[in-house]
Amino acid sequence: MAVLNEEQEMLRDMAREWATNESPVTEFRKVRAAGEPQAYDTTAYATMAEMGWAGVIVPEEHGGSDFGFMSAGLVIEELGKTLTASPLVATTVAASAIILGGSDEQKAKWLPRLASGETVATLAVDEGAHHDPSVIETSVSDGKLSGKKAFVHEAHGADLFVVAAKDGLYLVEKGDGVTLTTRKLTDQRSHADIAFDGAAADKLAGGGESLLDDVLDRARVLTAAEMLGMAQQVFDTTLDYLKQRVQFNQVLATFQALQHRMADLFADLAQMRSAVEAGLQAVDGGFGVARAATIAKAEANRVLHTISNQGIQLHGGIGMTDEYDVGFYLKRARVLEAAWGSSSYLKDRFAKLGSY
């Protein structure tokens, strides 16, 4: 496990306490039942922003705390444990794009709004069914952006989109020339296809040619942090269930075959944590980010897929019923596994990175 400083421990503990007491899975059930397009509790997100979580990576001069990605990952991991629905990951990724590529004017305009929770933002990259940033047809002419984006996370609640075009990243505000079409995915969160038709666009001119890749790497490690929290919770919930469930007049946890399965999952979880924390630390250190981020997301995909499957199997058929929470984690897992690169895509990317 990563060695945390005192501020990081306090931040993690605060996030853990708030998520456990104020945002358990029952709150996600309420969000799901409400059926609002943005698919999160705006009051809860306002509270997160008040606690400074929306500005963890934002520099102090723009209203943030500048605690870095490791600190942001700690918060996101705790929220992942309770399936807290919020645009925190999406907004943090968008803020990273502005920090990396924005002008002084763009930073001054947007970062304080993102840090305060006044503005919600998200990243719009993919144009097809699979993540492939090498295939982008969206274009800009005379400051007007046109094109289509698919499966944009947290799109309905977003006021600002960081959009990948042929020649770089652009900031596009919700409004004229921006049309959303809802996509219903199994996790019951906000996803949409977006059609941009001559929408006013402001280019992020800094960051160099690698800006999109750099932003995507940050999206991968933050998504992996959420997946880590989910995997940890499924493991803990399943272990508690095995200790309580009685079959053939014996507690399930006494069966050696099940003990071996849980031991394997424990080892997988430890490896996943190591990879995710290494990815977060790499971003903060600015060294080996592409490789570390690719490994982090690939391991998160592998381990959460396994643990969510095993969680259902070890619960038995009731694990997929709505009465039990464990099924929600599997559904969210399948969506996040596809976000910013499937396992096969990430393995291919790592191989190409290693060849340079």
Inset, instruction - Look only at the side chain of Ser342 and the backbone of Ala338, and say whether a donor-acceptor pair between them is shorter than 3.5 Å. - result: no
Inset, instruction - Return yes if some donor-acceptor pair links the side-chain N/O of Lys203 with the main-chain N/O of Asp167 below 3.5 Å, else return no. - result: yes
Legend entry - Residue pair Thr237 / Asp325, side-chain heavy-atom distance below 4.5 Å: no
Inset, instruction - List the atom of Asp132, the atom of Asp126, and the distance in Å for their closest heavy-atom pair. - result: N-OD1, 3.3 Å
Legend entry - Linked, directly or transitively: Leu100 and Leu114 (ILVMFWY side chains, under 4.5 Å): yes
Inset, instruction - Sequence neighbours left out, what pairs pass ring pair (Phe, Tyr, Trp, His ring centres under 6.0 Å) with at least one residue falling in residues 98-129? - result: none
Inset, instruction - Indicate whether the side chain of Arg349 and that of Thr294 have a donor and an acceptor atom separated by less than 3.5 Å. - result: yes
Legend entry - Exercise: identify the closest heavy-atom pair between Leu88 and Leu79: CD2-CD1, 3.6 Å
Inset, instruction - Using a strict cut-off of less than 4.0 Å between a Lys/Arg side-chain nitrogen and an Asp/Glu carboxylate oxygen, indicate whether Arg183 and Asp193 qualify as a salt bridge. - result: yes
Inset, instruction - For residues Leu204 and Tyr170, determine if any side-chain heavy atom of one lies less than 4.5 Å from a side-chain heavy atom of the other. - result: no
Inset, instruction - Evaluate the side-chain proximity of Leu123 to Leu216: yes if any heavy-atom separation is below 4.5 Å, no if none is. - result: yes
Legend entry - Leu280 side, atom CG; Glu77 side, atom CD - distance, nearest 0.5 Å: 9.0 Å
Inset, instruction - Please check if the side chain of Gln271 supplies one atom and the backbone of Asp268 the other of a donor-acceptor pair under 3.5 Å. - result: no
Legend entry - ILVMFWY cluster, Ile98 and Val172 together (side-chain gap under 4.5 Å): no
Legend entry - OG-OH distance between Ser308 and Tyr329, expressed to the nearest 0.5 angstrom: 12.0 Å
Legend entry - Non-hydrogen atoms of Leu111 and Ala95 that approach each other most closely: CD2-O, 3.9 Å
Inset, instruction - Please check if atom NZ in Lys347 has more than 12 non-hydrogen atoms from other residues, nucleotides or ligands closer than 6.0 Å. - result: no
Inset, instruction - State, with a plain yes or no, whether a side-chain heavy atom of Leu171 is found less than 4.5 Å away from one of Phe161. - result: no
Inset, instruction - For Gln310, check side chain to side chain donor-acceptor pair (under 3.5 Å) against everything at least two apart and list the hits. - result: Arg261
Inset, instruction - Taking the side chain as every heavy atom from C-beta outward, state whether Gln8 and Phe67 have any pair of such atoms under 4.5 Å apart. - result: no
Legend entry - Pairwise distance CG(Asp240) to CZ(Arg245) - rounded to 0.5 angstrom: 15.0 Å
Legend entry - NZ/NE/NH1/NH2 to OD/OE distance under 4.0 Å, Arg273 and Glu277: yes
Inset, instruction - Before giving the answer on side-chain contact (heavy atoms from CB on, under 4.5 Å), spell out for Glu60 and Asp66 the whole-Å C-alpha distance, their side-chain angles and the decisive distance to 0.1 Å. - result: CA-CA 6 Å; Glu60 292 182 16; Asp66 200 15; 4.3 Å; yes
Legend entry - Derivation of the salt bridge (charged side-chain N to carboxylate O under 4.0 Å, His left out) call for Glu173 and Lys109: CA-CA 13 Å; Glu173 296 185 57; Lys109 178 180 180 180; 3.7 Å; yes
Inset, instruction - State plainly whether the residues Asp197 and Lys144 are in salt-bridge range, i.e. N to O under 4.0 Å. - result: no
Inset, instruction - Name all residues meeting the side chain to side chain donor-acceptor pair (under 3.5 Å) criterion together with Thr84; count only those two or more places apart in sequence or in a different chain, and write none if there are none. - result: Ser23, Thr82
Inset, instruction - Drop me the distance from Asn301's CG to Ser343's OG, to the nearest 0.5 angstrom. - result: 4.0 Å
Legend entry - Pairing of Asp322 and Arg29 as salt bridge, 4.0 angstrom limit: yes
Inset, instruction - State plainly whether the residues Arg220 and Asp217 are in salt-bridge range, i.e. N to O under 4.0 Å. - result: yes
Inset, instruction - Please examine the side chains of Ser190 and Tyr40, heavy atoms only from C-beta on, and report whether any two atoms are closer than 4.5 Å. - result: no
Inset, instruction - Decide, yes or no, whether a salt bridge links Glu61 with Lys107 under the criterion of side-chain N to carboxylate O below 4.0 Å. - result: no
Legend entry - Pair Gln232-Asp236, side-chain donor/acceptor within less than 3.5 Å: yes
Legend entry - Distance (rounded to the nearest 0.5 Å) between Ser139 OG and Glu137 CD: 8.5 Å
Legend entry - Criterion side-chain contact (heavy atoms from CB on, under 4.5 Å) on Phe69 and Arg218, from CA distance to verdict: CA-CA 8 Å; Phe69 274 78; Arg218 284 151 178 79; 3.7 Å; yes
Inset, instruction - Before giving the answer on salt bridge (charged side-chain N to carboxylate O under 4.0 Å, His left out), spell out for Glu337 and Arg334 the whole-Å C-alpha distance, their side-chain angles and the decisive distance to 0.1 Å. - result: CA-CA 5 Å; Glu337 285 170 34; Arg334 295 303 174 267; 2.8 Å; yes
Inset, instruction - Could you tell me whether Arg332 and Glu226 have a side-chain N and a carboxylate O separated by less than 4.0 Å? - result: yes
Legend entry - Verdict with supporting geometry, Leu83 and Met230, side-chain contact (heavy atoms from CB on, under 4.5 Å): CA-CA 7 Å; Leu83 292 177; Met230 294 167 58; 4.2 Å; yes
Legend entry - Heavy atoms of other groups near Asn21 CG, more than 12 under 6.0 Å: yes
Inset, instruction - Hey, could you give me each pair passing ring pair (Phe, Tyr, Trp, His ring centres under 6.0 Å) that has a residue in residues 139-159? Not counting sequence neighbours. - result: His153-His191, His153-Trp340
Inset, instruction - Determine the interplanar angle of the His315 and Tyr241 rings, folded into 0 to 90°, and report it as parallel if under 30°, tilted if 30 to 60°, perpendicular if over 60°. - result: parallel
Inset, instruction - Examine Leu242 and Val251 and state if one hydrophobic cluster contains both, with Ile, Leu, Val, Met, Phe, Trp and Tyr joined whenever side-chain heavy atoms are less than 4.5 Å apart. - result: no
Inset, instruction - Check the hydrophobic clustering (I, L, V, M, F, W, Y; side-chain heavy atoms under 4.5 Å; chains of links allowed) and say if Ile76 and Leu4 are grouped together. - result: yes
Legend entry - Ion pair Glu127/Lys148, N-O distance below 4.0 Å: no
Inset, instruction - For the pair Lys149 (side chain) and Ala164 (backbone), establish whether a donor and an acceptor sit closer than 3.5 Å, ignoring hydrogens and angles. - result: yes
Legend entry - Pairs where residues 12-35 contributes a residue and the test ring pair (Phe, Tyr, Trp, His ring centres under 6.0 Å) is met, not counting sequence neighbours: Trp18-Trp53, Phe28-Phe328
Legend entry - For Leu222 against Ala72, the heavy-atom pair lying closest together: CD2-CB, 4.2 Å
Sequence neighbours excluded and cut-off under 3.5 Å, please list the side-chain donor-acceptor pairs for residues 205-213, or say none.
from	atom 1	to	atom 2	distance (Å)
Ser210	OG	Asp214	OD2	2.9

Inset, instruction - Answer yes if Val326 and Met320 sit in the same cluster of Ile, Leu, Val, Met, Phe, Trp and Tyr residues linked by side chain heavy atoms under 4.5 Å apart, and no otherwise. - result: yes
Legend entry - Min side-chain heavy-atom separation Thr238-Met262 under 4.5 Å: yes
Inset, instruction - Test Val56 against Thr92 for side-chain contact (heavy atoms from CB on, under 4.5 Å), laying out the working first. - result: CA-CA 8 Å; Val56 171; Thr92 303; over 6 Å; no
Inset, instruction - Report yes if the side chains of Pro59 and Ile99 come closer than 4.5 Å at any heavy-atom pair, otherwise no. - result: yes
Legend entry - Heavy-atom pair with the smallest gap, counting every atom of Leu269 and Ala231: CD1-CB, 3.8 Å
Inset, instruction - Quick one: closest heavy-atom pair of Met14 and Met51, and the distance? - result: CE-O, 4.1 Å
Legend entry - Side chain Lys297, main chain Leu346, donor-acceptor under 3.5 Å: no
Inset, instruction - Output yes when Arg12 and Glu9 qualify as a salt bridge under the 4.0 Å nitrogen-oxygen rule, no when they do not. - result: no
